[in-house]
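Take a look at the structure set out below.
Below, all heavy atoms of this structure are taken into account, side chains as well, without hydrogens, waters or symmetry copies.
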Amino acid sequence: MSETFVASKQSGSDIADPRRMYTELLKKTLTRYTFGEAWQPYEPRPRSLRGTLVRQGRRVLHRRGLELVSKFSFDADARANGRDWPPDAETMVGLRRLDNVEHCVLDVLRRGVPGDLIETGVWRGGTVIFMRALLAAYADHDRTVWVADSFRGLPKPEAHRVEDVEDALWTVPFLAVSLPQVKENFRRYGLLDEQVRFLPGWFEDTLPGAPVERIAVMRLDGDLYDSTSVALRSLYPKLSVGGYVIIDDYHAVRGCQQAVDDFRAELGITDELVPVDWTCRYWQRTR
């Protein structure tokens, strides 16, 4: 694989295939790409006079069943390439990265590569919902989709992980989504069933002993160095030859890239890192 990943374009033949129609519609729904602008809770600067007045007014509105919101400016290119944090969507990875998930999953289904599907770091669950939808659309009843997350945000990194400390992602409440909410999102799409299993907790506690026997596609979205490193060390030995590793934040988060580079160098992995979009990279295991 020597070329940049190119997302598939919907064609006339896709329209004749209800499976492709379903997956294309689902990608645009999970990302809210097809809906355009939306609304989000209005958040002024917390210590400003306006912030104080807004908090007071919000309490009055809440008693009346109302909420103060502001208009979210929708950028189609940003949403397609996962460059914004959508207020409503189940995923922030964008269309191109969902295209990549579809490519990898359908390829292992076509070639019969053994193993389950897993994502580490799921936010609202959109990408793993899409994985489960692909298994349903292509009538695969044997594989499990594993959903690994703390369901309470990112862990505070060790002080010596300077890049991760500077990024301070563990302080962002927007990134913390509860397990009940993720399950409800699965249920909303009719995809919460026995082929979905959850691994709640910090990765260092859940992944080394996770009851996953074999993996065909592993997608890592843990952002931080240690979150990425423990996922690779715990799961890569279970990845089938011919399976895929997808790294969501390779060029977006410095700690993530360093963890991947260190792991590949340590194991002598030379399989090409293929670009998906401005940040995401993936490789196919060849040995």
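Counting all heavy atoms, side chain and backbone alike, Glu119 lies closest to Arg219 at OE2-NH1, 2.8 Å. Nearest heavy atom pair, residue Tyr22 against residue Ala137, reads CD2-CB, 3.9 Å. Contact detail for Thr120 and Phe203: the closest heavy-atom pair is C-CZ, 3.6 Å. Nearest approach of Arg96 to Val276, heavy atoms of both residues: O-CG1, 3.7 Å. Summarising the geometry of Gly222 relative to Leu154, their closest heavy-atom pair is O-CD2, 4.1 Å, with the distance given to 0.1 Å. The minimum heavy-atom distance between Val196 and Leu191, with the atom names listed, is CG2-O, 3.5 Å.
Between Phe174 and Trp123, the ring-plane angle classifies as tilted under the 30° and 60° cut-offs.
When each of Asp140, Ile215, Val217 is checked for a side chain to side chain contact (heavy atoms under 4.5 Å, CB included) with Val108, only Val217 meets the rule. With Ile129 as the fixed residue, the side chain to side chain contact (heavy atoms under 4.5 Å, CB included) test singles out one of Val147, Thr91, Leu30: Leu30. When each of Arg264, Met218, Glu266 is tested with Leu232 by the rule side chain to side chain contact (heavy atoms under 4.5 Å, CB included), just one qualifies, namely Met218.
For the pair Leu175/Trp85, a side-chain contact is recorded, criterion being any heavy-atom separation below 4.5 Å from C-beta on. Counting only heavy atoms from C-beta outward, the side chains of Asp193 and Arg132 approach each other to under 4.5 Å.
When atom types are taken as modelled, the side chain of Arg79 and the backbone of Thr31 share a donor-acceptor pair closer than 3.5 angstrom. A side-chain donor-acceptor contact under 3.5 Å links Arg285 to the backbone of Leu239. For Ser229 (side chain) and Tyr225 (main-chain N/O), no donor-acceptor pair under 3.5 Å exists by modelled atom type. Although no hydrogens or angles enter the test, the distance criterion places a donor-acceptor pair under 3.5 Å between the side chain of Ser150 and the main chain of Arg152. Gln257 contributes no side-chain N or O that, together with a main-chain N or O of His251, makes up a donor-acceptor pair within less than 3.5 Å. At distances below 3.5 Å, not a single donor-acceptor pair connects side-chain atoms of Thr144 with backbone N or O atoms of Asp116. Side-chain N or O atoms of Thr29 include one that pairs as donor or acceptor with a backbone N or O of Leu25 at under 3.5 Å.
Sparse packing is recorded around CD of Glu158, with 12 or fewer heavy atoms of other residues, nucleotides or ligands lying under 6.0 Å away. Remark: Arg111 CZ is packed, more than 12 non-hydrogen atoms of other residues, nucleotides or ligands lying under 6.0 Å away. Residue Arg188 places its CZ atom among more than 12 non-hydrogen atoms of other residues, nucleotides or ligands, all under 6.0 Å distant. Counting heavy-atom neighbours within 6.0 Å of Tyr236 OH, excluding the residue itself, gives a total above 12.
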- request: Could you go through the side chain to side chain contact (heavy atoms under 4.5 Å, CB included) check for Asp248 and Ile246 one step at a time?
  value: CA-CA 6 Å; Asp248 186 85; Ile246 305 170; 5.9 Å; no

query: How far apart are the C-alpha atoms of Arg143 and Met131, what are their side-chain angles, what is the distance that settles it, and do they pass the side chain to side chain contact (heavy atoms under 4.5 Å, CB included) test?
result: CA-CA 10 Å; Arg143 300 177 197 257; Met131 287 179 173; over 6 Å; no

message: Walk me through whether Thr270 and Trp283 qualify under side chain to side chain contact (heavy atoms under 4.5 Å, CB included).
response: CA-CA 9 Å; Thr270 57; Trp283 79 87; over 6 Å; no

message: Go through it in stages, so that I can follow the logic: the residues are Lys27 and Tyr33, the test is side chain to side chain contact (heavy atoms under 4.5 Å, CB included), and I'd like the CA-CA distance, side-chain angles, deciding distance and then a yes or no.
response: CA-CA 8 Å; Lys27 283 184 283 190; Tyr33 181 85; over 6 Å; no

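Here His103 contributes atom NE2 and Asp99 contributes atom CG; the two are 10.5 Å apart, rounded to the nearest 0.5 Å.
A salt bridge does not link Arg83 to Asp277: none of the charged nitrogens lies less than 4.0 Å from a carboxylate oxygen.
In the model, Tyr250 has a side-chain atom that pairs as donor or acceptor with a side-chain atom of Asp261 under 3.5 Å.
Residue Tyr282 is not grouped with residue Trp278 when hydrophobic side chains (ILVMFWY) are merged at heavy-atom distances under 4.5 angstrom, including chains of intermediate members. Under a hydrophobic clustering in which Ile, Leu, Val, Met, Phe, Trp and Tyr are joined whenever their side-chain heavy atoms come within less than 4.5 Å, directly or via other members, Trp202 and Leu199 fall into different clusters.
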